[in-house]
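It should be emphasised that the depicted structure is a prediction, and the values quoted were computed from it without experimental measurement. Positions are given from 1, in the same order as the sequence printed here.
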Amino acid sequence: MFDKVIFFRRYPFEAGQKLHIEDGPRKGDWEVIAVTDKKVTLQCPVSGFKVEWDRFCYMSDVRETQWPAAEG
């Protein structure tokens, strides 16, 4: 059976990227200043406020596919 499934993946952040988050508690303009396997550090370009968050996911794709996915 096939269902509409939303796929997520970690965004490949790189230091120096400028981004705008449109909604939620992280909304606003940010610059990526550091990235590790587990954390991303962002800085507000206006206030200079820095935050370190667990790396987060973004909606990447929507497809018709088997769900739950078959093992393997």
Undergrad: Can you see which heavy atom on W30 is nearest to which on G28, and at what distance?
TA: CD1-O, 3.4 Å

Undergrad: Side chain to side chain contact (heavy atoms under 4.5 Å, CB included) with Y11: which residues, sequence neighbours excluded?
TA: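 If we apply the side chain to side chain contact (heavy atoms under 4.5 Å, CB included) test to Y11, skipping adjacent residues, the hits are F13, Q17, Y58.
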
Undergrad: Strictly distance-based, threshold 3.5 Å: is any side-chain N or O of R55 a donor or acceptor partner for the main-chain N or O of V35?
TA: no

Undergrad: Would you sort out whether T41 and W53 count as a side-chain contact (heavy atoms from CB on, under 4.5 Å), showing the intermediate values?
TA: CA-CA 6 Å; T41 304; W53 284 315; over 6 Å; no

Undergrad: Does I33 form a side-chain contact (heavy atoms from CB on, under 4.5 Å) with L42? I'd like the steps, not just the answer.
TA: CA-CA 6 Å; I33 57 173; L42 305 178; over 6 Å; no

Undergrad: Going by the salt bridge (charged side-chain N to carboxylate O under 4.0 Å, His left out) test, which pairs reach into residues 42-52, not counting sequence neighbours?
TA: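 Sorted result for residues 42-52: empty, none.
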
Undergrad: Considering only residues two or more places apart or on different chains, which pairs with a residue in residues 12-36 satisfy salt bridge (charged side-chain N to carboxylate O under 4.0 Å, His left out)?
TA: K18-E31

Undergrad: Among residues at least two apart in sequence or on other chains, which ones pass side chain to side chain donor-acceptor pair (under 3.5 Å) with K39?
TA: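 So K39 forms a side chain to side chain donor-acceptor pair (under 3.5 Å) with D54.
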
